[in-house]
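Data first, discussion second: the structure below is written as structure tokens.
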Amino acid sequence: MSEKEIKEEIEEEKPQEAEPETEEEAPKSREEELEEKLQEQTDKYMRLYAEYDNFRKRSAREKDARYTDALVDVVSAILPVGDNLERALQTQVTSEDALKFKEGVEMVMKQYRESLEKLGVTAIEAVGEQFDPNFHNAIMHMEDDSIDDNTVVEEFMKGYKYKDSRVVRHSMVKVAN
């Protein structure tokens with residue numbers, strides 16, 4: 001119950017002082033009294049309905065937020081696995097057995113990326129983009145007059161975002177000044 005409703009109920013419970021009736025004021029008819037009570041009950045119902053609707057909407061938002069938080073936590077925990085797979089793919093191999101093994105790692109990496117995409121997690125584009133502190137973490141700077149200021153020139157660790165809005169991990173980058 002709201003504070004206003006509680007005050008109204010307390011006032012209703014207090015003994016009412018008899019107001020003197022003037023000749024101009026006629027006692028309310030039964031129909032008028034019933035209409036007033038109906039209006040009061042309608043108002044109470046509408047307030048209760050509005051409170052319930054607000055509760056329902058708030059609960060849905062909280063549920064979505066809990067799901068997003070849990071998903072971000074899980075994805076954050078498995079991102080290092082993907083980083084290690086990418087490092088494994090960057091190694092140079094010459095023997096035929098190593099090439100076959102590398103093909104297997106490529107298939108696992110493809111499946112890993114597809115799984116992230118199904119969850120709504122995408123990589124943050126970095127190299128060649130303007131530095132954005134919302135998505136990038138600058139860990140190095142370099143002076144180069146041939147490159148525009150605040151342009152990302154190198155990516156050390158790939159960043160990821162959930163549904164284009166929530167950053168799971170910032171990209172670690174080198175920025176040109």
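The residues of the chain are indexed from 1 along the displayed sequence. Keep in mind it's a predicted model, so treat the numbers as computed, not measured.
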Next item on the list: Examine distances only and state if a side-chain atom of H170 and a backbone atom of N134 form a donor-acceptor pair shorter than 3.5 Å.
Entry: yes
Check: What distance separates K102 NZ from M109 CE, expressed to the nearest 0.5 Å?
Finding: 12.5 Å
Notebook entry, point to check: How long is the span from the OH atom in Y162 to the OG1 atom in T68, to the nearest 0.5 Å?
Noted result: 4.5 Å
Next item on the list: Please round to the nearest 0.5 Å and tell me the distance separating atom CD1 of I147 and atom CG of N177.
Entry: 10.5 Å
Margin query: D43 and side chain to side chain contact (heavy atoms under 4.5 Å, CB included): which single residue from Q41, R47, M46 fits?
Written below: R47
Notebook entry, point to check: For the hydrophobic clusters of this structure (ILVMFWY residues joined by side-chain heavy atoms under 4.5 Å, transitively), does one cluster hold both V152 and V167?
Noted result: no
Note to self: Donor-acceptor pair, distance only, cut-off 3.5 Å: does the side chain of K158 make one with the backbone of I124?
What the structure shows: no
Notebook entry, point to check: Are F135 and Y160 connected, step by step, through hydrophobic side chains (Ile, Leu, Val, Met, Phe, Trp, Tyr) whose heavy atoms are closer than 4.5 Å?
Noted result: no
Next item on the list: May I ask you to test the L71-R166 pair for a side-chain heavy-atom distance under 4.5 Å?
Entry: no
Check: CE of M172 to CE of M157: how many Å apart, nearest 0.5 Å?
Finding: 5.0 Å
Notebook entry, point to check: Which is it for V168 and L79 under the side-chain contact (heavy atoms from CB on, under 4.5 Å) test, yes or no, and what are the steps along the way?
Noted result: CA-CA 9 Å; V168 177; L79 285 178; 3.9 Å; yes
Next item on the list: Sort out for me which residue in E31, E36, R30 forms a side chain to side chain contact (heavy atoms under 4.5 Å, CB included) with L34.
Entry: R30
Item checked: Which atom of S171 lies closest to which atom of G159, heavy atoms considered -> OG-N, 3.0 Å
Checklist line | Distance in Å, E125 CD paired with E155 CD, rounded so as to fall on 0.5 Å steps | finding: 8.0 Å
Notebook entry, point to check: Taking the side chain as C-beta and beyond, is there a heavy-atom pair between V153 and D144 under 4.5 Å?
Noted result: no
Check: Do D83 and R169 sit within salt-bridge range, that is, some charged N less than 4.0 Å from a carboxylate O?
Finding: yes
Check: Quick one: do I78 and V121 end up in the same hydrophobic cluster if we chain Ile, Leu, Val, Met, Phe, Trp and Tyr together by side-chain heavy atoms under 4.5 Å apart?
Finding: yes
Notebook entry, point to check: According to a 4.5 Å side-chain heavy-atom criterion applied to Ile, Leu, Val, Met, Phe, Trp and Tyr, with indirect links allowed, do Y67 and V72 form part of one hydrophobic cluster?
Noted result: yes
Margin query: More than 12 heavy atoms of other residues, nucleotides or ligands under 6.0 Å from CG of D145: yes or no?
Written below: no
Item checked: F156 vs M140, side-chain contact (heavy atoms from CB on, under 4.5 Å): CA-CA, chis, key distance, verdict -> CA-CA 10 Å; F156 298 108; M140 289 182 73; 3.6 Å; yes
Margin query: Could you measure the distance from the CG atom of N84 to the CG atom of L89? Nearest 0.5 Å is fine.
Written below: 11.0 Å
Item checked: Intermediate values then yes/no, side-chain contact (heavy atoms from CB on, under 4.5 Å), T151 and Q130 -> CA-CA 5 Å; T151 300; Q130 283 292 312; 3.3 Å; yes
Next item on the list: For the pair D53 and R56, find out whether any cationic side-chain nitrogen is under 4.0 Å from an anionic carboxylate oxygen.
Entry: yes
Next item on the list: Please check if M107 and V93 belong to a single hydrophobic cluster, counting links between Ile, Leu, Val, Met, Phe, Trp and Tyr side chain heavy atoms closer than 4.5 Å.
Entry: no
